[in-house]
Amino acid sequence: ELGEMSLKDIDQVARTSFPLCMRHLFDTVSDLMIESCFMLHAHLSQEDHHMKHGGRMQLGLFLKGAGLKLDDALAFWKAEFSQKVGAERFDKEYAYGIRHNYGKEGKRTDYTPYSCQKIILSTPGVGDHHGCPYRHFSEENLRAALGKMGVSSRALDDVIDKAKTKHYQLACTLTYEAVHGSSCDAGINHPNQYLSDSQKILE
Ligand code: SF4
């Protein structure tokens, strides 16, 4: 059962209810939006600016699963990509991929958002932002990212410990519990489950 998410709520929901993997992708897109406004000629790599395919799929399908309508999704991605590539190229090259995710192009497959298992098993390369931070971040980056999410230093050591022993979903569950101050007995199996559980609590 899909909820609904509108473009105007997306920043707020990202801060309170996105799991770390999506928060990271979302912040990357947003940072790039800001950078591209102020530093158009700075040394952003082409790759970074476009966020590679894996990240676009992982975040795009998550947002779709969260109930972001196709028109809002097009507006969201267009705000970032057209800065660099121009509106015309966006419409030609990127809009297709987004409509494709929504089953409106090609074979019209209605793609489903990625599960934790699929994300954990993905293999992001240098400069990629997709994947599961509990598996793919260095300890230093993971600590910084968790601090930014508001995980207290006591809970933080437990989370790092689970990540180190390769219990990535458990690490995510502990993060959820620390951030929400509420238990999550079922554990985290899917980023969209993290989101919907969080929204139920915060409602
Ligand atoms: Fe995302 Fe799942 Fe990893 Fe949590 S465990 S960060 S929801 S992939």
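Quick caveat: nothing in here was measured; it's all calculated off a predicted structure. Order of appearance sets the numbers: ligands from 1, and atoms from 1 within every ligand.
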### Task
Using a strict 4.0 Å cut-off to heavy atoms of P19, name the atoms of ligand 1 that fall inside it.
7 (S)
### Task
Look at the side chain of S17 and the backbone N and O of A14, then say whether any donor-acceptor pair between them is shorter than 3.5 Å.
no
### Query
Between atom 4 (Fe) of ligand 1 and C132, is there an N, O or S atom separated by less than 2.8 Å?
no
### Which residue and heavy atom of the protein sit nearest atom 2 (Fe) of ligand 1, plus the separation
C116 SG, 2.3 Å
### Query
With no hydrogens and no angle check, do the side chains of H167 and T165 hold a donor and an acceptor under 3.5 Å apart?
yes
#### Entry: Protein residue, atom and distance nearest to atom 1 (Fe) of ligand 1, heavy-atom basis
C21 SG, 2.3 Å
### Query
Within 45 degrees of the axis of the six-membered ring of Y102 and under 6.0 Å from its centre: does K64 put its NZ or CZ there?
yes
### Message
Check this for me: does any side-chain nitrogen of one of K162 and D157 sit under 4.0 Å from a carboxylate oxygen of the other?
### Response
no
### Task
Return the residue, atom name and 0.1 Å-rounded distance of the protein heavy atom closest to atom 8 (S) of ligand 1.
I119 CG2, 3.7 Å
### Query
Does ligand 1 have any atom that is closer than 4.0 Å to a heavy atom of Y134?
yes
### Query
Out of curiosity, does F62 fall in the hydrophobic cluster containing L25 (side-chain heavy atoms, cut-off under 4.5 Å, transitive links)?
yes
### Message
Under a 3.5 Å cutoff, is there a donor and acceptor pairing between the side chains of Y114 and S122?
### Response
no
#### Entry: Nearest-contact summary for atom 5 (S) of ligand 1 - protein heavy atom, Å
C172 CB, 3.4 Å
